[in-house]
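Inspection log for the structure reproduced underneath, given as structure tokens.
Residue numbers run from 1 in the order of the sequence given. Atom set for the values below is all heavy atoms of this structure, side chains included, hydrogens, waters and symmetry mates excluded.
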Amino acid sequence: QVQLVESGGGLVQPGGSLRLSCAASGTIFSIYAMNWYRQAPGKQRESVATITSTNRTIYADSVKGRFTISRDNAENTVYLQMNSLKPEDTAVYYCNGLLRSGGSALSYWGQGTQVTVSS
């Protein structure tokens, strides 16, 4: 069974930085795209950043230039470095991965980690 476990959330002041991690475990044959999403109170879940199997990265306009997604294939881990954080970045951040564990590629989700940006 595949599990995605996020860590690294917390409370940070505006302008500060956090690094989120998402570790995938279980029987994994291939990892395709890995994504970070976020959901703020009363809002829909939105895509923040994507990294493909060829390390192509895609960012939401709201985080371009501030957030960086990266992956460590040897550790089956994806990271989200968040700099110059703003109060509007406050949300629960979710890791999502398109992984092949058996015969087909499936989408898996982590449990989420809270990021709060406040003075």
Does some side-chain heavy atom of [Y] sit less than 4.5 Å from a side-chain heavy atom of [X]?
X: Arg45; Y: Tyr94; value: yes
X: Leu85; Y: Phe67; value: yes
X: Ser21; Y: Glu75; value: no
X: Ile31; Y: Asn73; value: no
X: Thr113; Y: Ser7; value: no
X: Gln111; Y: Glu6; value: yes
X: Leu4; Y: Leu99; value: yes
X: Arg38; Y: Thr90; value: no

If you look at every heavy atom in [X] and [Y], which pair is closest and at what distance?
X: Met34; Y: Ile69; value: O-CD1, 3.8 Å
X: Gln114; Y: Ala91; value: NE2-O, 3.4 Å
X: Ala49; Y: Tyr59; value: CB-CD2, 3.7 Å
X: Ser107; Y: Leu98; value: N-CD1, 4.2 Å
X: Val2; Y: Thr27; value: CG2-O, 3.7 Å
X: Ala60; Y: Ser47; value: CB-O, 3.5 Å

| Which one of Ile51, Asn96, Val78 satisfies the side-chain contact (heavy atoms from CB on, under 4.5 Å) criterion with Trp36? |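 Single pass found, and it is Val78.
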| query | Could you give the distance from CD (Gln39) to CD (Gln44), rounded to the nearest 0.5 Å? | reply |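 Output value for this atom pair is 8.5 Å.
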| query | To the nearest 0.5 Å, how far apart are CZ in Arg71 and OG1 in Thr57? | reply |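 Going from CZ on Arg71 over to OG1 on Thr57, the span is 11.5 Å.
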Does any N or O in the side chain of [X] come within less than 3.5 Å of the main-chain N or O of [Y], such that one atom is a donor and the other an acceptor?
X: Tyr79; Y: Asp72; value: no
X: Ser119; Y: Gln13; value: no
X: Arg66; Y: Ser84; value: yes

Honestly curious: do [X] and [Y] fall in one hydrophobic cluster under the side-chain, below-4.5 Å linking rule?
X: Val5; Y: Leu20; value: no
X: Ile28; Y: Tyr108; value: yes
X: Tyr37; Y: Leu80; value: no

| query | Does the pair Asn76 and Ser25 meet the rule for a side-chain contact (heavy atoms from CB on, under 4.5 Å), with working shown? | reply | CA-CA 7 Å; Asn76 287 342; Ser25 62; over 6 Å; no
| request: Give a yes or no on whether a salt bridge exists between Lys86 and Asp89, defined as a side-chain N under 4.0 angstrom from a carboxylate O. | output: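 Judged by the 4.0 Å cut-off on N to carboxylate O distance, Lys86 and Asp89 do not form a salt bridge.
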| said: Under a 3.5 Å cutoff, is there a donor and acceptor pairing between the side chains of Thr52 and Thr54? | reply: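 Yes, because at least one side-chain N or O of Thr52 sits under 3.5 Å from a partner of the opposite role on Thr54.
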| task | Report, as yes or no, whether the 6.0 Å neighbourhood of atom CD on Gln1 holds more than 12 heavy atoms from other residues, nucleotides or ligands. | result |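 Check fails, neighbour count at 12 or below.
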| Under 6.0 Å from the CD atom of Gln3, do we count more than 12 heavy atoms belonging to anything else shown? |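 Counting other residues, nucleotides and ligands, CD of Gln3 stays at 12 neighbours or fewer.
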